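Report on the following structure.
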There are 4 protein chains.
Amino acid sequence: MSPEGGEQVVREPEPEPVPQRLLAAATRLFAEHGFETTSVQQIVDAAGVTKGAMYHYFGSKDDLLYEIYARVLRVQTARMEQAADSTESVQRRLRAVAVDVVVTTVTHLEDTVIFFRSMHLLHPDKQAEVRAQRRRYHERVRGLIEEGQASGVFRADRSAELVVDFFFGAVHHLGFWYRRDGPMSARQVGEQFADLLLDALRV
Amino acid sequence: MSPEGGEQVVREPEPEPVPQRLLAAATRLFAEHGFETTSVQQIVDAAGVTKGAMYHYFGSKDDLLYEIYARVLRVQTARMEQAADSTESVQRRLRAVAVDVVVTTVTHLEDTVIFFRSMHLLHPDKQAEVRAQRRRYHERVRGLIEEGQASGVFRADRSAELVVDFFFGAVHHLGFWYRRDGPMSARQVGEQFADLLLDALRV
Amino acid sequence: MSPEGGEQVVREPEPEPVPQRLLAAATRLFAEHGFETTSVQQIVDAAGVTKGAMYHYFGSKDDLLYEIYARVLRVQTARMEQAADSTESVQRRLRAVAVDVVVTTVTHLEDTVIFFRSMHLLHPDKQAEVRAQRRRYHERVRGLIEEGQASGVFRADRSAELVVDFFFGAVHHLGFWYRRDGPMSARQVGEQFADLLLDALRV
Amino acid sequence: MSPEGGEQVVREPEPEPVPQRLLAAATRLFAEHGFETTSVQQIVDAAGVTKGAMYHYFGSKDDLLYEIYARVLRVQTARMEQAADSTESVQRRLRAVAVDVVVTTVTHLEDTVIFFRSMHLLHPDKQAEVRAQRRRYHERVRGLIEEGQASGVFRADRSAELVVDFFFGAVHHLGFWYRRDGPMSARQVGEQFADLLLDALRV
DNA sequence: AATGAATGAGTGTTCATTCAT
DNA sequence: TATGAATGAACACTCATTCAT
């Protein structure tokens with residue numbers, strides 16, 4: 001197995017660290033078979049480690065689920081804030097945010113599917129944490145809409161809150177029908193979803 | 001057991017039949033604790049029967065889940081078809097369908113939540129059955145949109161299919177945020193969701 | 001369904017009585033799937049009756065098993081006694097008994113298989129009854145051998161008891177290898193088994 | 001836990017490993033109460049372990065049954081081959097094989113009883129495995145008989161196959177009557193069974 | 001950092017039997 | 001005679017987690 005003689009050793013590519021391997025395996029299995037129907041044994045087998053190793057890095061099976069979604073949420077929040085805080089017009093900023101959330105949701109479609117399916121199995125405290133983070137996200141977007149309504153570029157007789165719930169409902173449901181090997185790219189869907197959102201706000 | 005004398009006996013109100021009691025108990029518990037984390041024992045205890053009785057009427061725990069959602073789907077399909085096949089203008093018909101699906105979804109919000117959470121745990125055959133039924137539903141609504149696009153009352157540069165997926169995504173996600181004791185009635189949400197849908201199709 | 005008017009009614013052939021139908025169904029199912037892995041529901045379904053009907057005629061599932069084998073044992077005992085008590089020479093009588101037990105065992109091969117597999121599941125009292133009846137059977141055959149040994153036509157240095165156990169062991173094991181659609185008829189096997197038995201007793 | 005001082009510690013005798021304890025307990029209980037009427041709980045209680053431990057080592061209750069008999073079959077096959085392949089005369093080799101199979105069958109009488117009673121409950125694949133192994137065993141013995149028939153030391157007008165079925169039928173039925181505390185030792189029965197087998201082949 | 005044997009509480013499901021009708 | 005809904009105890013099996021090493 002190990003290099004026998006020669007000075008010049010050809011290194012195997014550094015394997016992914018154990019925690020990453022575990023998260024990747026868990027994501028795939030949870031998406032394929034569901035959180036509850038995937039056993040810790042299956043996860044560690046798929047990751048090529050043992051149970052002891054998993055419990056060394058993660059406190060519980062729940063922790064894996066939490067980490068999977070928390071990662072996505074961090075990424076989405078960072079990207080959304082960058083778009084929302086830019087110097088563009090509010091229409092362009094809202095459109096950018098809308099396209100981006102579709103694209104990143106599709107990029108992490110498994111994580112999103114897993115999450116909306118299984119959030120209710122998480123410990124209430126962790127559920128609350130994620131919900132709070134999601135709420136902050138929604139509120140920033142709602143702020144964008146209200147900003148446009150206040151400045152007259154968006155129609156003001158639409159409830160900004162309801163529009164946000166409507167739009168993100170559609171986005172969070174992507175996992176139920178979007179197929180990566182289907183006819184539309186993530187960006188195409190994002191553009192069209194953004195169109196539909198802006199339709200609803202056109203004066 | 002039966003009344004002995006001739007005097008007027010006060011009858012206990014006829015209790016709900018066992019299958020209905022089981023479905024009601026299962027719906028409540030699945031919504032509250034999730035499908036996988038609710039045991040058959042909890043269900044039969046809540047329904048006041050024994051496990052044997054449950055397995056007399058339902059083949060499995062899965063069957064309960066299936067029945068819960070199949071019932072809703074039957075109701076929604078019947079109501080949608082009535083609205084879609086009326087003699088009103090296509091705009092009014094589409095609006096009626098949109099309002100109605102929101103109202104019935106909210107009426108059966110628990111069932112809907114349960115279903116989208118747990119569909120993946122159903123036997124593949126049953127999943128396929130439900131999906132097929134859902135697809136027929138969507139297709140009828142898409143037909144309505146295409147009818148309007150063909151007759152020029154809806155803008156034709158929106159993908160009817162994408163609009164359907166967008167709209168029903170938002171509807172199916174209602175369970176994640178709508179609260180019956182909140183500020184908006186189901187009908188109010190339905191009217192506003194219908195507005196947003198028609199915005200997207202206005203020429 | 002039943003004839004309404006006409007004098008000349010065409011009768012369906014009288015169906016087998018319920019108890020017989022139950023025993024026949026039970027025999028087939030026990031042989032195919034085993035006693036323990038056949039449910040009472042399967043038996044009554046196969047017999048085209050309901051559970052209540054079965055419990056009307058049989059006290060328990062055990063009773064079916066008992067009846068199945070008791071019937072065979074009665075037949076075998078009657079036939080054996082007829083052959084053993086005839087006026088032929090002892091060699092011819094023993095041979096006739098040997099051939100006959102093979103033939104009747106093959107005729108009722110399912111019952112025999114079921115019985116030796118499942119006797120231990122019977123209530124001890126019923127087990128004892130059957131054992132006693134079997135023992136009487138064996139003893140009558142042993143008597144035949146001892147009669148031949150006493151009269152000098154069979155070699156006396158073979159233990160009659162052991163020969164009986166040896167021979168009937170082979171007979172009772174027929175169910176493990178004999179196939180009705182195989183190359184040998186029951187009678188052929190019987191003749192050869194009889195040969196082998198008499199070989200062992202030849203002076 | 002470990003010895004603290006330098007003085008001579010008296011070690012408890014190393015306990016049997018868990019898998020062996022489980023097999024021993026299962027054998028005893030299956031023989032006493034039958035396979036189907038022995039619960040896994042009874043087995044693990046008797047072995048002094050928990051269910052989890054059992055399922056750590058054995059895939060199922062079936063597996064225990066399979067292992068019990070597979071072990072015996074391995075032993076019997078090895079011993080038979082040693083006797084059959086020796087340099088003795090074919091008569092002496094066949095006799096040695098016959099005596100030995102009786103002795104080892106009696107030594108493992110419980111396993112044999114269990115097996116012939118319960119083989120039909122095994123998964124078809126495992127049944128096939130065992131049958132195939134048994135068949136190889138029978139065929140080696142049949143080969144021995146045919147060898148003797150070809151060289152003229154056994155009478156050739158007996159079907160070797162039928163003789164094998166006859167003899168092993170008797171052997172496999174030992175469990176129904178042989179008692180270890182009875183008047184005959186296993187070896188005595190073996191010698192007499194061998195006599196009866198050779199009687200049938202004497203020219 | 002990592003193992004893997006062992007735990008023990010819990011799961012969905014089966015089934016012979018009873019009994020009011 | 002016969003029904004079939006209902007019982008209730010039992011069953012094989014699973015699994016997240018622990019812990020001595």
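Given the structure is predicted, the values throughout are model-derived calculations rather than measurements. All chains are named by letter (A, B, ...) in the order of the sequence lines, taking the proteins before the strands, and each is independently numbered beginning at 1.
At the heavy-atom level, B:F58 lies nowhere under 4.0 Å from the strands shown. Within the 4.0 angstrom heavy-atom criterion, no nucleotide atom of any strand lies near C:T37.
Across all strands shown, F:dA2 is found opposite E:dT21 as a Watson-Crick or G-U wobble partner, with both distances under 3.5 Å. In this structure, E:dG8 forms a base pair with F:dC15, meeting either the Watson-Crick or the G-U wobble geometry with both donor-acceptor distances under 3.5 Å. Pair check for E:dA1 finds none; no Watson-Crick or G-U wobble contact set falls under 3.5 Å.
When the options C:H123, C:K126, C:K61, C:E129 are evaluated for a side-chain hydrogen bond (donor to acceptor under 3.5 Å, both in side chains) with C:Y66, the one that passes is C:E129.
At a cut-off of 3.5 angstrom, the base of F:dT17 holds at least one donor-acceptor pair with the side chain of A:K51.
As rounded to whole Å, 12 Å separates atom P of E:dG4 from atom OH of D:Y57. Spacing between atom NZ of B:K61 and atom P of F:dT14 amounts to 16 Å, rounded to whole angstrom units. Put simply, CG on D:D63 is 14 Å from P on F:dA12, counting in whole angstrom units. Counting to the nearest Å, the P atom of E:dA16 and the NE2 atom of C:H123 are 18 Å from each other. Rounded to an integer number of Å, the gap from D:M54 CE to F:dC15 C1' is 15 Å. Between D:D45 atom CG and E:dA6 atom C1' there is a gap of 15 Å when expressed in whole angstrom units. Taking atom CG on D:L121 and atom C1' on F:dA12, their separation rounds to 14 Å, with Å as the unit. Rounded to an integer number of Å, the gap from B:E36 CD to E:dG10 P is 18 Å.
Atom NE2 in D:H33 sits 6.5 Å away from atom CD in D:Q42 (nearest 0.5 Å). Atom CE of C:M54 is separated from atom CG of C:D63 by 8.0 Å, given to the nearest 0.5 angstrom. Atom CG in C:L64 sits 13.5 Å away from atom OH in C:Y57 (nearest 0.5 Å). Here the CD1 atom belonging to D:I68 is positioned 6.5 Å from the CG atom belonging to D:D111, to the nearest 0.5 angstrom.
When each of C:Q42 and A:H56 is assigned the nucleotide of DNA chain E bearing its nearest heavy atom, the one mapping closer to the 5' terminus is A:H56. Heavy-atom nearest nucleotides on DNA chain F were determined for D:S60 and for C:G48, and the one closer to the 5' end corresponds to C:G48. Position along DNA chain F of the nearest nucleotide to D:D62 versus A:Q41 favours D:D62 as the more 5'-ward residue. Each of B:F35 and B:G52 was assigned the nucleotide of DNA chain E with the nearest heavy atom; the assignment lying further toward the 5' end belongs to B:F35.
The side chain of A:T50 approaches E:dT3 more closely than any other nucleotide in the set E:dA16, E:dT3, F:dA6. Counting only heavy atoms from C-beta on, A:A53 has its side chain closest to E:dT3 among F:dA12, E:dT3, F:dG8.
The aromatic rings of C:F115 and C:Y69 sit parallel to each other, their planes meeting at less than 30°, with 60° as the upper class boundary.
At E:dC19, none of the side-chain N or O atoms of C:Y55 fall inside 4.0 Å of OP1 or OP2 (strictly under the cut-off).
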